Number of protein chains: 4
Amino acid sequence: MKKLRIGVIGTGRIGRLHVENLTKFVSRAEVVALADIYIDQAREWASEYGITNLYSDYRELIARDDVDAVIVATSTDTHAEVSIAAAKAKKAIFCEKPIDSDIDRIHEVIAAVKENGVPFQTGFNRRFDHNFRGVRKLVEDGTLGEPHIVRVSSRDPAPPPISYVKVSGGLFSDMMIHDFDMVRYLAGSDVVEVTAHGAVLVDPAIGEAGDVDTAVVVLKMKNGALCTIDNSRQAVYGYDQRVEVFGSKGMAYALNDKPTTVEVFTEDAPRTDKIPHFFLDRYTGAFVDQFEAFVAMVLDGAPNPVDEIDGLRAVEIAKAAQQSLEEGRTVTLEV
Amino acid sequence: MKKLRIGVIGTGRIGRLHVENLTKFVSRAEVVALADIYIDQAREWASEYGITNLYSDYRELIARDDVDAVIVATSTDTHAEVSIAAAKAKKAIFCEKPIDSDIDRIHEVIAAVKENGVPFQTGFNRRFDHNFRGVRKLVEDGTLGEPHIVRVSSRDPAPPPISYVKVSGGLFSDMMIHDFDMVRYLAGSDVVEVTAHGAVLVDPAIGEAGDVDTAVVVLKMKNGALCTIDNSRQAVYGYDQRVEVFGSKGMAYALNDKPTTVEVFTEDAPRTDKIPHFFLDRYTGAFVDQFEAFVAMVLDGAPNPVDEIDGLRAVEIAKAAQQSLEEGRTVTLEV
Amino acid sequence: MKKLRIGVIGTGRIGRLHVENLTKFVSRAEVVALADIYIDQAREWASEYGITNLYSDYRELIARDDVDAVIVATSTDTHAEVSIAAAKAKKAIFCEKPIDSDIDRIHEVIAAVKENGVPFQTGFNRRFDHNFRGVRKLVEDGTLGEPHIVRVSSRDPAPPPISYVKVSGGLFSDMMIHDFDMVRYLAGSDVVEVTAHGAVLVDPAIGEAGDVDTAVVVLKMKNGALCTIDNSRQAVYGYDQRVEVFGSKGMAYALNDKPTTVEVFTEDAPRTDKIPHFFLDRYTGAFVDQFEAFVAMVLDGAPNPVDEIDGLRAVEIAKAAQQSLEEGRTVTLEV
Amino acid sequence: MKKLRIGVIGTGRIGRLHVENLTKFVSRAEVVALADIYIDQAREWASEYGITNLYSDYRELIARDDVDAVIVATSTDTHAEVSIAAAKAKKAIFCEKPIDSDIDRIHEVIAAVKENGVPFQTGFNRRFDHNFRGVRKLVEDGTLGEPHIVRVSSRDPAPPPISYVKVSGGLFSDMMIHDFDMVRYLAGSDVVEVTAHGAVLVDPAIGEAGDVDTAVVVLKMKNGALCTIDNSRQAVYGYDQRVEVFGSKGMAYALNDKPTTVEVFTEDAPRTDKIPHFFLDRYTGAFVDQFEAFVAMVLDGAPNPVDEIDGLRAVEIAKAAQQSLEEGRTVTLEV
């Protein structure tokens, strides 16, 4: 069996998760090298996975001939630099979202990717979620007809620390960016208008840090569909992730997962299991499946499920949403 | 048992429904008289209910001493005139929504009601729906904490005839007006900002008639909550009526009713019953319960569940939504 | 509209419920007379329904020419006598279950009914329940294929007083008799073998009174299907009424009803509404629909939905179950 | 991290599944050796997992000092022999169910295990299923009170080949044995009475082979609970696996899993995903978790979740059920 030999750049939480998933679950992938500026902190952990090619300079990893593809899991501000270097070295690239916070910089990545003819997948893992993919399939196979209304609810169990909020780039870029991609995925169309509404209802400190913690955004799609996204930084009941597509021929929604199907009836109200509280519990399978798709794209020439333009669009929409909120008006996008 | 003696003015579909519900299900109500300009067409039907005081001029009905309360179920353009006459005659008033399409005219009704000290209930029957009332109760009793996000989906099974669309006053006044009231009811607060988005996706003829058939409206409430409403004139799967309130302490939603709890498993996908296709199937109980509340208000001095100001607000919001759509901007309301 | 003129015999709780349902909801029925040995206690109540023909001797009611049909809602030990008298007077008969506790006596009723050619419906109202009817329909229309396994769970919210248990005739005759009929209805076949198991788990006093409070019965049907029924005198969470049919082409079950579709998510486990606690809340519609069917049978010649043989069979099965429990062996029935 | 060094004996379908699960998901387990009389057929497959100690004679595997524990996944008739040999070699033992089809032989295993003081776990993987464990937990923590009624439905998607049916030992030993263990697990008590009912409704050839394809068994537990199990060899809609416990304080059931939460509403009836069709899809997690428990028992001294007595009991009940079916009477067990 031909395997895709992968170098993982960045060994923080998400990088390590990727290594674990690739090793355990993606049979046609092989992690052959790791790079991190603090690579020493990863040595023991790496040895558990039998990975011995470790670098503090990612360029050495990229220079290896036996690396077919790289996964860019470094901090956001270095995604572009690493990606461009990898493209020049003709490596297939999987880059965590967002590609960059600067749109010009994303265009530089796109140019490098194009020039070098390498495949580039953006890390929008939610496209691979079993529930959302199930709804998307019903759009694709025509069951729902033309999409008219799309609804996405995405609410975190608890807000991040204020220190993080301050450098996060704001709720739209940091949190809702996933949902911007989801809306494009579900509606099968591009966003042409963005109108954002926000409020500080969870924690005044988030407002003092210049951000909102509750937001509703309406998007008009090129195919005419009207979409709403709502986000909250704090859903006390867990990680609330639901979508709905309403079309000319029908409607489908995906509710939250629950760990068991148990229903309990006592003198109190009937109850069921709680929904997952942590994104890793909810998106376990999605994190694996995005790499299956990446491997299939590189090895088999399968279609790119989330390309660099998808990565660009999400950032454009996030910026438009921020602008809409600040200027109190609808912002138009050209696509 | 003391009964409320009611005169029903208007014997079209909704008027007859009210008579039937009052007679069968509201034990403390007694329909003693009917009025309609075409009263002859109602004679046979009225006799089945044993109602013998029939008038073609509603003023004669109002003049009766044994009429304690009137139900105004005439065409919208006469609601105000009839209501004002009833107020002057010191009758308790139940008026179908909207009170009027003209805001000044509504203020005249409000003034007459105030001057004559009569109770006035607006016919927003959905407040009495078992599901929506269940969600509202969770807001009232504090289970959900402060409301942050409210979502209302309200979709009709099929569009009305184009001839009706042309005189309907537009989707916001004709259809979404129920949802504007629902949002105020669920959030327990008033609307301060309206941003409307619309599209013609169901039938181009609706667009040619100057209306939209698909709409999404975002409302900001005085208490800070962000609300979304989506409407479609055509949900091929039935009459889709769902609400959700997300708050600081929890979230609750109400899904659609189904006629049975049966789940069928065959070689095909598991399936359940279809949802109701007709508003009367869905809101049967709500139509009755609004009159129970009306009777309790008049006879027992119970609180008014939907007063004339509620009737005014919904029309104000509908007009703001229409203006927002036409001008492409957020419209602010003063409350 | 031709109406069926009905005399109701017996004005206890169930008789009054029948009068109320017939008057309010069954448009082609008219209650023209009432009989009860304590008819004086019903006078005021009867006047509310405008019923003026009141008798302490049911024979006077039966003697009226303007009574087309009688409803027998007296105590069980008089069902047979009243039914036979009504049959001789050529009245259509609706008789509460059980027809009698003595099988010979039931045969006398059957003979009288046959001899006089009158229609006779037994009051197994659960056949008209929306959920159970939904499952039955899937058997009838072939969706589920040949029935192989039928399961019925029927659990009361709380046991009756011990004084009642002592005269009830035992759990099988008093409570599970409904389920014996349900199994025949769902499987569309007759019972040929009965094996009963019982236990005293709820209240030792029930055991001391010579009865069980928890029981499981297995029935083999003429068409080969295996059926299980479980009963408990005490389900602390409410009135638990569920059925399931598993067949060669599929399976269907009906879960309990809930008053609303609301689901609540807070820091506690997600919860829904409680199930109904009282049989009237659960079988409201069924009580009405059985009379619609009775009227249609008498006036239109529609098929008898629960005839006297159905009434007989349920008692036979109940007796076989009691015998099986006492003798610790399977009891065979001839049908 | 101290690891449990495991030798797997038997490399058929289930043996290979165990190796895969142990290697990928059980971090404290290490498969160090394999044995199979046809070991050559497993060489290539074994090399993928890096396992190099391969034996055609299981005694050589057992003789290795670096094997702490063995997994017995050979054909049923050799379970006892291999287990006894492993016990004598002081290895911890995980043995597939049933331990043996002969009760005396099981007692020999039990004696060997006792004499040599080794831990012995029986492969009833369903105890580790997320749904069933969820229900069991509610019994254990007292939420449901004393168990009164337990219901288990277990239906296969399609019958095995007739050639297999002939040597299977019959439905009770081959299929329902899992459910016998499940009932003991859920009720937390032993079986004292067994009454079995069976029928040939799926395929006459199964009857000709001397077996039944549809069965209902009632079990009385030492703690008084009444339990029903129903089995069918053919549920056309998938692998139907549900349980329910009804107790003095409440009731809980676990429905079937579905791959997604998607609900689709079109002009047809609303539908959801199909349930799994294959036991591996349903019990994936359970197969892993039983080994986590095995490792914890051996390495940490955690309680044995399914010991040799559990293995014995299930076979005893299966034999009693077969006897009950053949003799048409209740069979009593002494525990």
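Just so it is clear, the model here is predicted, and its values are computed rather than measured. Throughout, protein chains are lettered first and strands after them, A, B, ... in sequence-line order, and every chain is numbered starting at 1.
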Engineer: Using non-hydrogen atoms only, which part of B/L144 is less than 4.5 Å away from chain A: side chain, backbone, both, or neither?
Structural biologist: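 Neither part.
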Engineer: Are there more than 12 heavy atoms of other residues, nucleotides or ligands under 6.0 Å from atom CD of A/E327?
Structural biologist: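 Correct, the count exceeds 12.
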Engineer: Is the shortest side-chain N to carboxylate O distance from B/E244 to A/R155 below 4.0 Å?
Structural biologist: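 A/R155 and B/E244: salt-bridged.
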Engineer: If I measure from the heavy atoms of chain A, does B/V216 come under 4.5 Å with its side chain, its backbone, both, or neither?
Structural biologist: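 When you check distances to chain A, atoms from both the backbone and side chain of B/V216 fall under 4.5 Å.
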Engineer: To the nearest 0.5 Å, what is the distance between CG (A/L255) and OH (B/Y253)?
Structural biologist: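 Those atoms lie 4.5 Å apart.
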Engineer: For the side chain of A/K220 and the backbone of B/A199, is there at least one donor-acceptor N/O pair under 3.5 Å apart?
Structural biologist: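 Between the backbone of B/A199 and the side chain of A/K220 there is no qualifying donor-acceptor contact (under 3.5 Å).
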Engineer: Where does A/I229 contact chain B at under 4.5 Å (heavy atoms): side chain, backbone, both or neither?
Structural biologist: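 Neither the backbone nor the side chain of A/I229 comes within 4.5 Å of chain B.
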Engineer: For A/D273, which residues count as a side chain to side chain contact (heavy atoms under 4.5 Å, CB included) partner, sequence neighbours excluded?
Structural biologist: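 A/K258, A/P259, A/T260.
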Engineer: What part of A/R242 is in contact with chain B, defined as an atom under 4.5 angstrom from a non-hydrogen atom: side chain, backbone, both or neither?
Structural biologist: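 For A/R242, the side chain is the part near chain B, not the backbone.
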Engineer: Among B/V236, B/D240, B/N223, B/V200, which residue forms the greatest number of heavy-atom pairs with chain A at distances under 4.5 Å?
Structural biologist: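 Among B/V236, B/D240, B/N223, B/V200, the one with the most close pairs to chain A is B/V236.
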Engineer: Give the minimum heavy-atom separation between A/I149 and B/S232, together with the two atoms involved.
Structural biologist: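 Nearest pair, atom of A/I149 first, then B/S232: CD1-CB, 4.4 Å.
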Engineer: We want to know whether B/R151 and A/S153 form a side-chain donor-acceptor pair, criterion being a heavy-atom distance below 3.5 angstrom.
Structural biologist: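 Distance-only check passes for B/R151 and A/S153.
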Engineer: SG of B/C227 to CG of A/D230: how many Å apart, nearest 0.5 Å?
Structural biologist: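 If I round to the nearest 0.5 Å, the distance is 11.0 Å.
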Engineer: Hey, does B/H148 have a side-chain heavy atom less than 4.5 Å from the side chain of A/D213?
Structural biologist: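 They are not in contact (no side-chain heavy atoms under 4.5 Å apart), so the answer is no.
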Engineer: Please determine, among A/M251, A/E146, A/Q234, the option with the most heavy-atom pairs under 4.5 Å with chain B.
Structural biologist: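 Heavy-atom pairs under 4.5 Å are most numerous for A/M251.
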Engineer: When you compare the side chain of B/T214 with that of A/L226, does any pair of heavy atoms fall below 4.5 Å?
Structural biologist: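 Heavy-atom side-chain distance check passes, below 4.5 Å.
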Engineer: Give a yes or no on whether A/K222 atom NZ has more than 12 heavy-atom contacts from other residues, nucleotides or ligands under 6.0 Å away.
Structural biologist: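 12 or below, so no.
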Engineer: Sort by residue number and list every member of residues 179-196 of chain A having a non-hydrogen atom under 4.5 Å from chain B.
Structural biologist: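 Within residues 179-196 of chain A, the residues under 4.5 Å from chain B are A/T195.
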